[in-house]
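Accompanying notes for the structure given below.
Residues take their numbers from the sequence shown, with the count starting at 1.
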Amino acid sequence: MGLGRRYPNQRAETLDYLQSMLRQFRAMAAAEGCEMLVYFLEMAYVEANDLLREERAALLDEVSPPLEVAHQQ
């Protein structure tokens with residue numbers, strides 16, 4: 001059992017923190033004119049955003065089933 005399943009909110013919190021730090025690192029790299037580093041940090045930020053969106057959707061599904069399932073019961 002991975003940490004993400006035992007403590008479901010921790011993964012979302014970790015991804016949120018990573019995304020925040022990546023945003024700050026990207027701004028720092030941009031200020032220094034490090035274009036390639038800015039690109040890689042932006043890609044990492046986008047990936048963290050996608051994973052965070054998926055994680056939050058999964059957490060919502062665990063809390064409340066989709067309407068179709070609720071109506072069938």
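A search for salt bridge (Lys or Arg N to Asp or Glu O under 4.0 Å) contacts involving Glu13 returns nothing, not counting sequence neighbours. With sequence neighbours excluded, no residue forms a side-chain hydrogen bond (donor to acceptor under 3.5 Å, both in side chains) with Arg56.
Between Gln19 and Leu51, every side-chain heavy-atom pair lies at or beyond the 4.5 Å cut-off.
Going from atom CG of Leu22 over to atom CD of Gln24 covers 9.5 Å, rounded to the nearest 0.5 Å. To the nearest 0.5 Å, atoms CG (Leu18) and CD (Glu47) are separated by 11.5 Å. Put simply, CD on Glu55 and CG on Leu60 are 10.5 Å apart, with the number rounded to the nearest 0.5 Å.
For Phe25, the CZ atom is loosely surrounded, since the number of other residues' heavy atoms within 6.0 Å does not exceed 12. Atom CE of Met21 is surrounded by more than 12 heavy atoms from other residues, nucleotides or ligands within 6.0 Å.
At least one donor-acceptor pair closer than 3.5 Å links the side chain of Thr14 to the backbone N or O of Gln10.
Sorted by first then second residue, the salt bridge (Lys or Arg N to Asp or Glu O under 4.0 Å) pairs that include residues 29-42, not counting sequence neighbours, are Arg26-Glu42.
Two different hydrophobic clusters hold Val46 and Tyr39 under the rule that ILVMFWY side chains link at heavy-atom gaps under 4.5 Å. At a threshold of 4.5 Å between side-chain heavy atoms, the hydrophobic network of Ile, Leu, Val, Met, Phe, Trp and Tyr places Leu41 and Tyr17 in one connected group.
When every heavy atom of Val38 is checked against every heavy atom of Ala30, the shortest pair comes out as CG2-N, 3.3 Å. Heavy-atom minimum distance, Leu52 versus Ala12: CD1-O, 3.4 Å.
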